Amino acid sequence: MNDCIFCKIIAGEIPSAVIWEDGDVFAFKDINPQSPVHFLVVPKKHISNLMETDEKDEALLGKLLNTAQRLASQLGCEDRGARFVINCKSDGAQTVDHLHVHVLGGRKLGWPPG
Ligand code: DGP
């Protein structure tokens, strides 16, 4: 999508700290980290948010989560865990309209969210 900031990051038009890339997904550090480990995993295909997905996206959604946990483990979160978050639309506090999984680790997080 032309004006999507994450599509521009995926295309290399906006620089980012890339953690992983394959044919389907892209992972990069969040520009405003909320924990020592904070990165985003996104589909390369533009999908605005989780509500836009359906059965045809099951494999891609599974890959997003599997990539998120694998990278979290590689970045030191395997033993103590991490939080895997998908913010969706306005009530979910989504600010970038390209589906993304936040991975937050490296410190003890509170619950419930505000
Ligand atoms: P959300 O509220 O779930 O839509 O979070 C979007 C996240 O995207 C937010 O934590 C900050 C991050 N972000 C926004 N713009 C950029 C950017 O240009 N580069 C990077 N690396 N992260 C960004």
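From a predicted model like this one, the values you see are computed outputs, not experimental measurements. Counting convention: from 1, in listed order, for ligands and their atoms alike.
In terms of protein heavy-atom proximity, atom 1 (P) of ligand 1 is nearest to H100 NE2, 3.2 Å. When only non-hydrogen protein atoms are considered, atom 7 (C) of ligand 1 lies nearest to D30 OD2, 3.4 Å. When hydrogens are left out, the protein atom nearest atom 23 (C) of ligand 1 is I31 CG2, 3.4 Å; that is the closest non-hydrogen contact. Closest to atom 21 (N) of ligand 1 among all protein heavy atoms lies K29 O, 2.9 Å. Shortest contact from atom 4 (O) of ligand 1 to any protein heavy atom: T95 N, 2.6 Å. What sits closest to atom 15 (N) of ligand 1 on the protein, heavy atoms only, is I5 CD1, 4.1 Å. Among protein heavy atoms, the minimum distance from atom 19 (N) of ligand 1 is reached at I9 CD1, 3.5 Å.
Rounded to the nearest 0.5 Å, atoms CG (N49) and CG (N87) are 11.0 Å apart. For the atom pair E21 CD and D24 CG, the distance stands at 11.0 Å (nearest 0.5 Å). To the nearest 0.5 Å, the span separating CG on D97 from CD1 on I47 amounts to 13.0 Å. Summarising the geometry, atom CD1 belonging to I5 is positioned 11.5 Å from atom CD1 belonging to I10; distances are rounded to the nearest 0.5 Å. A distance of 8.0 Å separates CD of E52 from SG of C88, quoted to the nearest 0.5 Å.
Between H38 and ligand 1, a contact under 3.5 Å exists for no N or O pair. Taking any N or O of V96, backbone or side chain, at least one lies under 3.5 Å from an N or O belonging to ligand 1. Looking at ligand 1, you'll find an N or O of A93 within less than 3.5 Å of one of its N or O atoms. An N or O contact shorter than 3.5 Å is missing between Q94 and ligand 1 by distance.
In terms of modelled atom types and a separation under 3.5 Å, the side chain of Q94 and the main chain of S48 share a donor-acceptor contact. A distance-only check finds no donor-acceptor pair linking the side chain of R80 to the backbone of G105 [under 3.5 Å].
Under 4.0 angstrom from ligand 1, there are no non-hydrogen atoms of Q34. Only the side chain of F6 comes within 4.0 Å of ligand 1, judged by heavy-atom distances. Within the 4.0 Å heavy-atom criterion, neither part of V85 lies near ligand 1. Proximity of A17 to ligand 1, defined as any heavy-atom pair under 4.0 Å, is not found for any part of the residue.
The closest approach between S16 and ligand 1 stays at or above 4.0 Å for every heavy atom of the residue. Residue-ligand proximity: L40 is placed with a non-hydrogen atom under 4.0 Å from ligand 1. Not a single heavy atom of N32 sits under 4.0 Å from any atom of ligand 1.
Between F6 and F26, the ring centre distance reaches or exceeds 6.0 Å.
Using bins of under 30°, 30° to 60° and over 60° for the plane-to-plane angle, the ring pair H98/H46 lands in the perpendicular bin.
The atoms of ligand 1 that sit less than 4.0 Å from any heavy atom of N87 are 1 (P), 2 (O), 3 (O). Interface atoms of ligand 1 facing H102, defined by a heavy-atom separation under 4.0 Å, are 1 (P), 3 (O), 5 (O), 7 (C), 10 (O).
Looking at heavy atoms from C-beta onward, F84 lies in side-chain contact with V103 at the 4.5 angstrom threshold. A heavy-atom distance below 4.5 Å is found between the side chains of D22 and K63.
Annotation for V101 and A68: closest pair CG1-CB, 4.3 Å, computed over non-hydrogen atoms.
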